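Down below is the structure, laid out as structure tokens.
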Amino acid sequence: MCVLLHYEFDSDFNACQYYREEFGENYITLPDHVPWLYYPEGEANVYTAKTKLKTTYSFKESDPNSRMNLTVAKYSADGHLLEFGRLEEVLTLCPLIDFRLGSAVQFGATFSQRCSLNVRDLWNKYETVFYEVFIQYYDEEDHMMYAVPVLNRNYKEDGLLLNQQSKMKWQLTRRFFSVDNLSGREAVSATTGEAERAKVVRYIRDMEVTIQLREGEGHGLIYPPLIKLTYGEVEDKHYDSNRKVEVGLRVQYTMNFSKIQEDLSIAIGVVSCFAVLWSVVGTWSWFRRCGRVGLDIPTIFHFLIVVCGNLASVFWLVMFFTCLYWTIFFKRQDVVHVFLLTRHQETVIKQYLIAACFLKVVQVVYVIYVQITIDMFIIDWEQPRARNSIPHPQLNMSLDDEGKPRVEQPISIWRTYFIANEWNELQTYRKVNVGLQLFLTLLFLKVFGFENLSSMSPDSSFQGSPEDNSAPQSFVCRFAISISIYLALVMAQWVFKLMFYERYVENKLQQLIDLCSIANISIFILEHKMYGYYIHGRSAHGFADVDMQSIYEQMKREEEDLCGHRGLEPSSECQTFEVAVTAKFRERYDTILQPLHRRGGLGRPAGRIKMASDELEQSFQAHEALKRFFGMFLQHALKNMDYIIKEKLFLESLLDLEFQETDDRCLLFRDNKHTFRRILFYGHEATFILFEMLVFTFVDIVSRDFVLAAVVTYIVVVGVEKICSAGGRSNVVHKTLVDQRFLM
């Protein structure tokens, strides 16, 4: 009767009150004929931390200790022992769970199964019986049994559910029932002499068996298991409706989470310090390149953005290698060292990864902002040539400042438009094909069966098995396996692109540089106010606006080394440079473009209204003025503004920071590594790959569905590319003064 009351005792005298007053709560002094019901009050910590169990468990199937030897004693309602045997043979919850109880006692394999019962079956097919659970072990040569404590979550004391509060308040008990269709009966029928149907039936809604690993005393040792029970109720009015109720059993293995959490906190703290220090270096570099002279709000804002990106990277790094460690060691260990985290414990990992995802979003937004706001200008080195003496009947003759026909042939703008289009296409070019990457990731996870390896069972396989259906998937394993596959495929694409495709098929960046040389065009880019890049494309032949035969002849002369080199310096092939400009240079550049900045550059006006002739003339003049300015600067023709070419110091290259000052002369640093890729997606490949993995992981955390994660990731990446492509195109129009109608 006390067990059926959920062990509750209060001011009203009941069976539990009688039991405690008559026999006390000390189970050691109980008479032999009295069942043990209560553990000492408030000592749950003591009894769940006992070290009496000496069995060394293993994951080897051939080892007899690879299965938990749980023994159950089954009693009738009047106290008679009905059955005594293994848990998988005696315990009865519902047919589906009973059928798979053999998997529930496999050591180390988390078991989770739910099934539905017809309400009528609770009245008609099940009897009220009681269970006590023991675990068998050997103490040297002695065969022993240890009583497994029970935590009844429905237990109340003074109206409070103490067993749902802190462990210090728990009241552990021993005996429990699976179905109670006895105590709800109110009377005996006068006609049949039998008890009427129970008004309320109680049943085990959730049963959880927790096994904690004993660390520091050897391998494969455990603390006593703990059974946690939650009961549900069904009233008599639902009998005729024949509704269904759910019953669940979960066996989970855990470790000392406080130690795990402490190790994670230390690892995160250490690498975060390095991330912040690296952010300080990055902000200092930005501070110098922007020409700032004191700490201000933009500098603090930039520092926070850099910190966000670096913290996201280190959060992901620590979580990935931690999860990979747990997955490999759990799956491959024979002698038990570690268990996987429980779902509750996985929350810490998920929180760090979600935080990393949002922090990385901040960095990606900033990368796109920088890319679509850079200053750049296309320099055409072509010189005017003599005009054809016979005027074209349908073209107006251009006039010089004195109103006389010009003698020179105008320079074609098509080469400039062509280079602008090529640059525009390169803005979202990447080494990794995201669509192919996600498709192959899903192929390995879903088709080849790698997803099945993420079950919380030490012997999971690619094909999966009926036992795997009762072993839930671990997020730790899902994250480690999916990201490992993603990274392996990324590395495969990366190596293919760098070692084969770009070497033997095409290198987009090098093709752009070669195209600039053939077109006799250079590109000057300012990523920050005082820092940028220069792609030297001045033709070694002096001109490029020629027919096909002349181009072939020029290329042949280069092959036979019968002309000068393409580099900016004599006898040099170096065509790309990092540039640190002076304040005078930047001031002159802004002065030339100031009239255009007021109206937004050269492009098709809204509503197809014709652009005013003075605005067009202003754009043409600014274009020619910038062309002359850059041309004279690069040819050392400006007295106040000159430059020197030198190599970057090793520490400068390592820290991505210029120590050398640009007081009176600009600095051009030789760059054969195509550093200008940093203002393209191509130069932020690692950032975008990590961003994609974090988005993929975030969606998987929310949905636990790899297919949905891949679809959402692809949509996000395509959206980012579209936004950057549109913004970059507008920026090219605005900064290079190229008409947007000629950008494809």
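Everything numeric in this text was worked out from a predicted model, so none of it was measured.
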Practice problem: Answer yes if the side chains of Thr697 and Lys350 hold a donor-acceptor pair under 3.5 Å, and no otherwise. | Solution: no
Quiz item: Is the number of heavy atoms from other residues, nucleotides or ligands under 6.0 Å of Phe321 CZ greater than 12?
Solution: no
Exercise. Evaluate the criterion side chain to side chain contact (heavy atoms under 4.5 Å, CB included) for residue pair Asn520 and Arg538; output intermediate values, then yes/no.
Key: CA-CA 5 Å; Asn520 201 18; Arg538 188 170 188 177; 3.8 Å; yes
Quiz item: Does any N or O in the side chain of Glu692 come within less than 3.5 Å of the main-chain N or O of Val717, such that one atom is a donor and the other an acceptor?
Solution: no
Quiz item: Would you say Glu587 has more than 12 foreign heavy atoms packed within less than 6.0 Å of its CD?
Solution: no
Quiz item: So, the side chain of Gln493 versus the backbone of Asn433: is there a donor-acceptor pair under 3.5 Å, distance only?
Solution: yes
Self-check item: Salt-bridge present (Arg288, Glu661; N to O < 4.0 Å)
Solution: yes
Self-check item: Spatial distance of atom CD (Gln621) from atom CG (Leu626) [nearest 0.5 Å]
Solution: 12.0 Å
Practice problem: Determine the sole option in Tyr533, Tyr534, Tyr531 for which the side-chain hydrogen bond (donor to acceptor under 3.5 Å, both in side chains) test with Glu578 is passed. | Solution: Tyr531
Practice problem: Measure across Ala519 and Arg415 and return the closest heavy-atom pair with its distance rounded to 0.1 Å. | Solution: O-NH1, 2.6 Å
Quiz item: Charged N to carboxylate O below 4.0 Å: is that the case for Arg678 and Glu527?
Solution: no
Quiz item: Rounded to the nearest 0.5 Å, how far does CD of Glu573 lie from CD1 of Ile513?
Solution: 11.5 Å
Quiz prompt | Closest approach of Glu558 to Cys563 (non-hydrogen atoms, all atoms of both residues) | solution = CG-SG, 3.5 Å
Self-check item: Point-to-point distance, once rounded to the nearest 0.5 Å, from NZ of Lys360 to CZ of Phe315
Solution: 11.5 Å
Quiz item: With no hydrogens and no angle check, do the side chains of His674 and Gln510 hold a donor and an acceptor under 3.5 Å apart?
Solution: yes
Self-check item: Rounded distance [0.5 Å steps], CZ in Phe691 versus OG in Ser313
Solution: 13.0 Å
Quiz item: Tell me, do Cys516 and Trp423 make a side-chain contact under 4.5 Å, heavy atoms counted?
Solution: no
Practice problem: Could you tell me whether the side chain of Tyr352 reaches within less than 4.5 Å of the side chain of Val314, counting heavy atoms only? | Solution: no
Quiz item: Can Arg289 and Asp656 be counted as an ion pair, charged N to O under 4.0 angstrom?
Solution: yes
Practice problem: Quick one: pull up CG in Leu593 and NE2 in His734 and give me the separation to the nearest 0.5 Å. | Solution: 8.0 Å
Self-check item: Residue pair Leu667 / Ile644, side-chain heavy-atom distance below 4.5 Å
Solution: yes
Exercise. Answer yes or no: is there an ion pair linking Asp514 with Arg566, defined by an N-O contact shorter than 4.0 Å?
Key: yes
Practice problem: Assert yes or no for the condition that the ring centre distance of Phe629 to Tyr589 is strictly below 6.0 Å. | Solution: no
Quiz item: Is Lys431 positioned over the aromatic face of Tyr682, cation under 6.0 angstrom from the ring centre and no more than 45 degrees off axis?
Solution: yes
Quiz item: Is there a side-chain contact between Ile535 and Ile521, using heavy atoms and a 4.5 Å cut-off?
Solution: no
Quiz item: Aromatic rings Phe496 and Tyr501: how do their planes relate, parallel, tilted or perpendicular, breaks at 30° and 60°?
Solution: tilted
Practice problem: Kindly indicate, with the supporting measurements, whether the criterion side chain to side chain contact (heavy atoms under 4.5 Å, CB included) is fulfilled by Phe448 and Ile485. | Solution: CA-CA 12 Å; Phe448 295 160; Ile485 292 173; over 6 Å; no
Quiz item: Does one side chain, of Trp381 or Ser522, offer a donor that lies under 3.5 Å from an acceptor on the other?
Solution: yes
Self-check item: Nearest heavy-atom neighbours spanning Ala356 and Leu694
Solution: O-CD1, 3.6 Å
Quiz item: Is the backbone N or O of Gly727 less than 3.5 Å from a side-chain atom of Ser730, with the two atoms forming a donor-acceptor pair by type?
Solution: no
Quiz item: Can you name the closest pair of heavy atoms from Met641 and Arg588 and give their distance?
Solution: CE-NH1, 3.8 Å
Quiz prompt | Backbone N/O of Tyr486 and side chain of Gln437: donor-acceptor pair under 3.5 Å | solution = yes
Quiz item: Does Leu651 CG have over 12 foreign heavy atoms under 6.0 Å away?
Solution: yes
Practice problem: Could you please spell out the steps behind the side chain to side chain contact (heavy atoms under 4.5 Å, CB included) verdict for Thr416 and Lys627? | Solution: CA-CA 12 Å; Thr416 301; Lys627 178 181 171 182; over 6 Å; no
Quiz prompt | Side chains of Tyr643 and Leu568 in contact at under 4.5 Å (non-hydrogen atoms) | solution = yes
Quiz item: Can you tell me how far the CD1 atom of Ile689 sits from the CH2 atom of Trp494, to the nearest 0.5 Å?
Solution: 5.0 Å
Quiz item: Is any side-chain N of the basic residue among Asp642 and Arg665 closer than 4.0 Å to the acidic one's carboxylate O?
Solution: no
Quiz prompt | Distance-minimising heavy-atom pair for Ala709 and Phe696 | solution = CB-O, 3.4 Å
Quiz item: Are Glu652 and Gln660 close enough that a side-chain donor and a side-chain acceptor fall under 3.5 Å?
Solution: yes
Practice problem: Return yes if some donor-acceptor pair links the side-chain N/O of Asn731 with the main-chain N/O of Ile374 below 3.5 Å, else return no. | Solution: yes
Quiz item: How about Trp414 and Tyr417: are their ring centres within less than 6.0 Å of each other?
Solution: yes
Practice problem: Look at Glu502 together with Lys508 and state whether they make a salt bridge at an N to O cut-off of under 4.0 Å. | Solution: no
Quiz item: Are there more than 12 heavy atoms of other residues, nucleotides or ligands under 6.0 Å from atom CD of Glu506?
Solution: yes
Quiz item: Do the side chains of Arg478 and Arg704 get nearer than 4.5 Å, heavy atoms only?
Solution: yes
Quiz item: Got a sec: does the OH of Tyr429 have more than 12 other heavy atoms crowding it under 6.0 Å?
Solution: yes
Quiz item: Any idea which heavy atoms bring His302 and Gly282 closest together, and the distance?
Solution: CE1-O, 4.2 Å
Quiz prompt | Any Leu680 side-chain heavy atom under 4.5 Å of Leu509 side chain | solution = yes
Quiz item: Taking the side chain as C-beta and beyond, is there a heavy-atom pair between Phe577 and Phe676 under 4.5 Å?
Solution: no
Exercise. For the pair Trp316 and Phe320, name the ring-plane relationship: parallel under 30°, tilted 30 to 60°, perpendicular over 60°.
Key: parallel
Quiz item: Under the side chain to side chain contact (heavy atoms under 4.5 Å, CB included) criterion, do Val581 and Thr662 qualify, and how do the steps go?
Solution: CA-CA 7 Å; Val581 303; Thr662 58; over 6 Å; no
Quiz prompt | Test of ring centre spacing under 6.0 Å for Phe524 and Phe585 | solution = yes
Practice problem: Decide if atom OH of Tyr504 counts as having more than 12 heavy atoms of other residues, nucleotides or ligands within a radius under 6.0 Å. | Solution: no
Quiz item: Got more than 12 heavy atoms from elsewhere within 6.0 Å of OH, Tyr366?
Solution: yes
Quiz item: So, Thr299 and Asp296: side-chain donor and acceptor under 3.5 Å apart, yes or no?
Solution: yes
